[in-house]
Every structure is written in C-alpha cells, then in structure tokens.
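Chain A is the first sequence line, chain B the second, and so forth, proteins listed ahead of strands; every chain is numbered from 1. Quick caveat: nothing in here was measured; it's all calculated off a predicted structure.
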Amino acid sequence: MQERLEKVLGEYGRSPADLIPILQHVQDEFGYLPQETMDGIAAHAGVPKSKVYGVATFYTMFRFEPLGRNHVCVCRGTACHVRGADQILEHVQRHLGIEEGETTEDGEFSLETVACIGCCALAPVMTVNQEVHGRLKPKTATRTLKKYATADKEEGQ
Amino acid sequence: MTQDNSSRTVLVCQGTGCVSSGAVPIYDALEAEIKAAGLDIRMKITGCHGFCQQGPIVIVEPDGIFYSAVKEKDVPEIVESHLKNNTPVERLFYKDPVSGDPVGEYRTIQFYANQERIVLRNCGHINPEVIQDSLDAGIYDGMKKALAEMQPAEVIEAVKRAGLRGRGGAGFPTAVKWGFCAAQKTDQKYMICNADEGDPGAFMDRSILEATPHQVIEGLVIAGYAIGATKGFIYARAEYPLAIKRLEIAIKQAEEMNLLGKNIQGSGFDFELEVFRGAGAFVCGEETALIGSIEGGRGMPRSRPPFPAVQGLWGKPTIINNVKSLSYLGDIITRGPDWFHSIGTEDSPGTAVFALTGKVANCGLIEVPMGTTLRKIIFDIGGGIIGGKKFKAVQTGGPSGGCLPEEFLDTPVDFATLAKAGSIMGSGGMVVVDEETCMVDMARFFLNFTQYESCGKCVPCRMGTRQMQKLLEKICAGEGEPEDITTLEELAVSIKEGSLCGLGQTAPNPVLTTLRYFRHEYEAHVNEKRCPALSCKALLEYEIDQEACKLCGTCKRNCPADAITGNKKKEIPFEIHKDKCIQCGMCYTSCPFDAIVKLSPGIKKEEPEPVAAG
C-alpha cells in the first residue's frame, strides 16, 4: 500500500493547496481512503493529520470504507423526487436488504444516494458504477441491479 | 425531399442523457451500416440537444430531420429508407404531446421552435471534442477580437452596455463586479468559472460544458483579459465526469492552437487554465466557499467584505462567474452590446436558460428571452402537464427559491419579477409539479437538502434548518400542531437574518413561499391530518376498487409486506389489510387496471385527536 501511495503522492507538489486533488487521486487508486494513508498524505501536503480528516469528512465524495463491487447511487434531486425517487430507493433497499450508505454482506452492492446527477429529464434516475439508468420504475431498478449481479458472476466463472 | 448524400451529416447526440439511453452503440451501428451500404455520409457526435427525454437523438442534416428514442434495431431502416431512398422514417419522429402528431423537422418541434438560443446555439450541432467544429461555429472570434482590437476597459464597457447580469442566481451586474477587480493593482489576479452546479433539478451548466466547452473557455479568456487575470480555474462538480473529460480535452486543444497559454494569438496576453474537480459540497457554489475549497480546505464561506474581487483566492483579487454568464461573452463582443441589450427586458437583458423538468410533457434544456411568461415556458415549450393532470406550482431557484402557484403563470420571468413573487431566478432549475405533489413535502424535501448541506459555520443555519426540518417531518407524519406553523415562520426569519452566506439566507424560501401560496395544505395536514395531494405516506390509505379489479393478483405479488389477500381461482376478492400495509405504493404503481385507490381520509371533525398525557 505504501508503495502505491508514494507513487500517487509523487505526482503532486508539497503544498496544502494540493490536498483535495491528492485525496481524490488516493481514493481513485484504492477505492476509498485507507486509514493507513492519512499520515503519508498529511506529511506530503505539509498539514496536520487533523486537517486531512477535516477536509476528507467535509466533502461527500470521500469515504473511509471500501465500496462493494457495484456502486449504486439513487438520485434524490428535485425532478427525481417529484417523479417517485423515494419509492425507487425503498424498493432498492428492500431488494438489496441494506440501507443507504451500506454494503451488502457478499460485497456485491454498495448503496448511496446523490443530491442530483443532472439527468433530470430522465427522472427518476440511478447510476450503477457511473452508468446512468433513467426513467426507472421500482421493478426496472431491481431488474437493472440483477443484471450487474449476474454479469459479475459470469465474469467470475 | 432529395438530398445529395455527400452534403449530408448524421449527428448522434452523446450527452450524458442520450448515452444513458444507449446512444453509443447506435453511433457504431449507424457508422457500420452506412459503410456497408457504401454511402458517402459524414457522421458526427454532438453534445446535448437539451431534449434528453427523447434520447437517443439522431439528426440528419441538412434535411433537419429529428429522430427520437432511436434503438439499435432502427438503424438499418434509417439508412435504407432515409439515407438511401430519401424517405424519412416517420415512425421514429417525435410526437407532439398536445396534438399527438408526428413532427419530423427539428425546427418545427414546439419545444425548439419557441426558444431563442444564444448560449445553447451550438449545443447538439458541433462535436465538442473537435476544436475545428467550434472554430467553424465562430467560437473564439469574440476572444480574438477582444485581444486584438480592444483595451480591457473597453471590454468591460461593452459588457456594461450589454447589461449582462450574472446567471449564477443573484443577477449581479457582471461589469460592475469586473470593475472592482480591474481597479486592483497587484501582481496576480484569478478568473474562476463556477461550474459547481449543485442545485438539485438543474443541469444547464453540465449540458453546456459537455456540448460546447470551447465557448466557456473563450468566455474565461475574455473575462481574464478584462480584469487582468492570467490564471484561471474551472471549478467543476465531481458528479459530472463527462463534462470534466471534455473540458480537459478542450483545454489541451486550445493550448495547442495558442488560444490559451502564453502570448495568445500574438496579443501579448497570457492565460493559463485548469480544471479543479470539486469533491461534493453544495455550499462550494458560494464564492468564498469555492475559494476555500481550491485553496485545499473545507469549503466554508467567509464573511464579506472583503469581497473576492478585492481579496479572493490566496488573498488575490478574484472574479468568479457562472458557466452561462461566461458563455455569452464571445457573442457580446462579436455581435455587439446593443444586440444583446435588445433581447429580453430592460431590467434583465438577454436570455434565460432553464432546466425544465418535473411533471411537464417535454422535459429538457431551454433558452428563452428574459421576460417570457411561465405559461409560454411550461405550456408551449413544455407541452403542458403529463397525463392531462392539473398544474399546481412551478419551483424556480432550487433550494434557495420558491414555489409559485397558477396565478403567476402569466408573469414575465426575469430577476425582478421572480424576486417580487418570493422566489428567485436562481441558476435555472425549473421544476413543474402537478396536483399529486404535496407542497409541505416539497418544502420538507428542500429543507432536508439544505440542512444536510449546511456547512455548520453559522448557528442559525446549522441548528435552525434542523429545527425546521424536524417540524416539517412532524407535519408530514400527521403529528403537526397549529403552533408549528408559527414556529416555522419565526425560525425562517431568524435563519435568513443570522446566516453569513446565501445558503442560509435563502434556505427558508421554499417554506416561506409554500406557506404563502399553499397554506391550506399545511392546515389540512395539521388540523385534519389529511394530505390533499395524496402524497404523505403517514396520512395515506390504499384500497382496492372491486369494480375495476380483474383479480389478476399483480398487487399481491408486488406487495413486500404481505398485506394483500385474495385468490382468483377461488374467487376471493382482493383486499388490502391496513394493519399490515406499509404505504409503499407498490400495488398502486404495479396495478395494470388502475384499480388501487389512494385515500387520505383524515380525522373526522367530531373525533378530535386524543391529547397525549403529560
């Protein structure tokens, strides 16, 4: 892990102004912000570790736990809300057996909500691994998730 | 209509919306099919047309034919019938939601015909990843003219005469803001494009960045030149990966052609530009919070003055303009300030760009002259409400704005009229709701959002929005008391007065406008424990209309709570058991015969709610 971290840090200057891009890059590299990387990031950017945590906890994109294999984000923007996003979210939660912010036990799916992904004309919308799925109904949402689960199984064989 | 194929271009939209509907395989299939047919036809990917709902969109020019919801299997027919035999495929035409007639020609579709596109002019017509397309469309002409023929002060004067007001929401005159910054004598200034489009229900900036990134870059160079900044940033939302990718491609191309960088086009003016990827914080749309974020900290607003134009990024004079404000600049320089000023209203010249969404038939990105009425936007361009339902309200300005009822439909839209009605222009989100949307729930929705996004610096915003949110949840749950409405109003005033930045100062607006125009809905929830829009779960009951029911059993299969009994073979009528029902609505949305009825009976007047002891 330290080696991979060093490689990422090597691409940035040693300035506090680079903190957010560094955190983004570390998260891209590991899928989350491992606790073990915090000291290295703080030392590189020349800021106290408390500041690294302060920044990382302020922004919603940063996470300290790894995601499941498939990252599901149900949009809760205004357009999605008035077109039934709540029902989609509830149905997806029931289907996966987890609440928003959690990961299924088998590590297949992580479920989050997002304030708006800007695809309002296709509302209600969710993304799976950044792919947008629009005009959802509760059933099409779960059907979509099943496709991702199967695709993973096929790949694994 | 006969067309020589060598002059034909087939445009396939590759905006986020169309891509999600499957536009990429359609491009590939078209390309292969055209090649196989041996036709000499140009293909082009484009950015967003603003009509994502109809995607994937394929346009054939110069015929001007617009194909909507194209599927891969439709491709051979388009090639064979239209491109080979000049007979457009009518079955794939857009259907007018009012008349139901198929409309083939792009320019006659009401959604487009009623618009006046300046900022969006090139969206959907040029390939955002090919700089030559942008140059051919005249992008960068304004910048070249400004750098070659005008002094910075003349650029500011032109923007002042045009009367351009900031399109980020507040509508502050752009030239005045620039003037403060230009007057500062210092070694370094910064020019920032605010592309942190955080309002839920808004996607204007995303579409512009994806479709015509060069237009925004041109605007940044012009603005940078006017104020004397040699370094620029585009602060873009992390949730917009495609926009960021296209911006990065565009910046590289512009550098290669010396449209960015050192001594641009021999003018002696240097301008460097980079994209800063936001990390997901709505408050960073606020200028001082955005600056804090670029500096590498938590995006928390600072008190003003000093204003960023005097002391901004790293303490240096900084101007922050919205994507749309910057997108007008090239045209203002090439076509002149008088041209711009002649569009729109005296108070608000130019056009307004809206993301029209919600319960309207035509959802999408629209651009109209300032002063256009809401009725024209919602009913002529938007095609009215879906499914013939009744219009209830239109929400503008996102979480900082308000909900306006039917009586405002004939109000001309500009900065002043919307403010007077208690809403704001905002950056352009316009969400239309019908009779099925509960206005108390709408207010609760926005307060949830602002409460979550409050950075926590000011107590009235941090604690006050929390209290408002709790009260709204209580009312939606049917537990509201009459004094809760008064408390909401008091809290709203304190939060507005006691918050440092725009987030807190405007957070109560959705509650205040719904209280002003839809107070009866609050009262129904509180006094009668009834949701008139049949939306708030805690106040709902579902029943089966036995006459409409065909005993198909779909509701029973879809009920996650086993609350429905019945059997077709044994002819046992289907029934929903209220004690088990969780009001999820799955039966309601899945019934193929509309046999499930939603009710909000409320309490009867003669049986007042028992008062809890203690």
Side-chain angles (χ1 to χ4, degrees), chain A residues 15-25 27-28 45-47 51-52 54-62 73 75-88 90-91 93-95 113-123 125-127 130-135 137-139, chain B residues 16-17 19-21 50-53 55 197-203 205-207 237-241 276-282 293-300 314 355-359 363-365 395 398 429 431-433 437 442 445-446 449 452-453 455 558 560 584-586 589-590:
Chain A
S15 143
D18 285 323
L19 184 53
I20 292 174
I22 289 174
L23 288 169
Q24 286 169 335
H25 198 150
Q27 180 156 305
D28 287 345
V47 295
K51 169 142 188 197
V52 180
V55 169
T57 51
F58 183 81
Y59 296 96
T60 51
M61 82 176 276
F62 297 120
C73 276
C75 181
R76 308 192 80 177
T78 322
C80 290
H81 178 75
V82 304
R83 284 194 169 195
D86 279 352
Q87 202 190 15
I88 305 287
E90 283 168 20
H91 194 63
Q93 283 175 338
R94 274 197 302 270
H95 173 78
T113 57
V114 57
C116 182
I117 48 167
C119 284
C120 316
L122 303 175
V125 172
M126 72 174 179
T127 63
Q130 291 207 345
E131 289 170 344
V132 181
H133 300 272
R135 305 183 189 95
K137 295 209 160 56
K139 284 225 151 161
Chain B
T16 294
V19 168
S20 81
S21 314
F51 210 1
C52 317
Q53 185 194 4
E197 183 174 54
D199 281 12
F203 55 93
D205 298 350
R206 173 181 68 75
S207 297
R237 258 187 112 199
E239 287 88 341
Y240 290 173
F276 190 94
R277 193 153 64 109
F282 173 69
S293 180
I294 297 185
E295 289 173 351
R298 292 162 71 97
M300 291 165 93
W314 293 302
L356 182 63
T357 62
K359 302 282 185 75
C363 284
L365 198 64
Q395 208 283 343
V431 185
V432 177
V433 300
T437 301
M442 192 80 173
F445 167 80
F446 281 115
F449 179 82
Y452 181 78
E453 294 293 346
C455 79
N558 279 290
C584 69
M586 285 299 291
T589 40
S590 63

Could you grab the distance from atom [atom1] of [X] to atom [atom2] of [Y], nearest 0.5 Å is fine?
X         : Y         : atom1 : atom2 : value
Gln53(B)  : Cys120(A) : CD    : SG    : 12.0 Å
Phe445(B) : Asp86(A)  : CZ    : CG    : 9.0 Å
Ser21(B)  : Leu122(A) : OG    : CG    : 5.0 Å
Cys119(A) : Arg206(B) : SG    : CZ    : 4.5 Å
Ser293(B) : Tyr59(A)  : OG    : OH    : 3.0 Å

Can you confirm whether [X] sits close enough to [Y] that some side-chain heavy atom of one is under 4.5 Å from a side-chain heavy atom of the other?
X         : Y         : result
Ser20(B)  : Arg135(A) : no
Phe449(B) : Arg76(A)  : no
Met442(B) : Val82(A)  : yes
Thr78(A)  : Phe446(B) : yes
Val132(A) : Val19(B)  : no

Heavy-atom distances under 4.5 Å only: say whether [X] touches chain B with side chain, backbone, both or neither.
X         : result
Ala115(A) : both
Asp18(A)  : neither
Gln130(A) : side chain
Val114(A) : side chain

| field | Choice from Ser15(A), Gly118(A), Gly77(A) maximising heavy atom contacts with chain B below 4.5 Å | value |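 Answer, by heavy-atom pair count under 4.5 Å with chain B: Gly118(A).
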
For the student: nearest non-hydrogen atoms of [X] and [Y], plus distance:
X         : Y         : answer
Cys116(A) : Pro200(B) : CB-CA, 3.5 Å
Ala279(B) : Phe62(A)  : CB-CE1, 3.7 Å
Gly278(B) : Met61(A)  : O-SD, 3.8 Å

| said: For Ala85(A), give me all partners under side chain to side chain contact (heavy atoms under 4.5 Å, CB included), at least two apart in sequence or on another chain. | reply: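 Per chain and number, Ala85(A) pairs via side chain to side chain contact (heavy atoms under 4.5 Å, CB included) with Cys80(A).
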
| query | Who are the side chain to side chain contact (heavy atoms under 4.5 Å, CB included) partners of Arg94(A), not counting sequence neighbours? | reply |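 Partners of Arg94(A) by the side chain to side chain contact (heavy atoms under 4.5 Å, CB included) criterion, ordered by chain and then number, come out as Glu90(A), His91(A), Pro560(B), Ile582(B), Cys584(B), Met586(B).
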
Using non-hydrogen atoms only, which part of [X] is less than 4.5 Å away from chain A: side chain, backbone, both, or neither?
X         : answer
Ala202(B) : backbone
Leu365(B) : neither
Phe276(B) : side chain
Tyr240(B) : side chain
Arg298(B) : both

Taking every heavy-atom pair that is under 4.5 Å apart, which of [options] has the most such pairs with chain A?
options                                    : value
Glu453(B), Glu295(B), Arg277(B)            : Arg277(B)
Gly198(B), Gly398(B), Cys52(B)             : Cys52(B)
Gly17(B), Gly299(B), Pro241(B), Cys363(B)  : Gly299(B)
Val432(B), Thr357(B), Asp199(B), Asp205(B) : Thr357(B)
Gly364(B), Ser207(B), Gly585(B)            : Gly585(B)
Gly296(B), Ala238(B), Ala281(B), Gly50(B)  : Gly296(B)

| request: Please assess Glu239(B) against Cys75(A) for the test side chain to side chain contact (heavy atoms under 4.5 Å, CB included), listing each intermediate value before the final yes or no. | output: CA-CA 11 Å; Glu239(B) 287 88 341; Cys75(A) 181; over 6 Å; no

| Steps toward side chain to side chain contact (heavy atoms under 4.5 Å, CB included) verdict (Lys137(A), Thr589(B)) | CA-CA 9 Å; Lys137(A) 295 209 160 56; Thr589(B) 40; over 6 Å; no

| field | Verdict with supporting geometry, Phe58(A) and Cys455(B), side chain to side chain contact (heavy atoms under 4.5 Å, CB included) | value | CA-CA 8 Å; Phe58(A) 183 81; Cys455(B) 79; 3.9 Å; yes

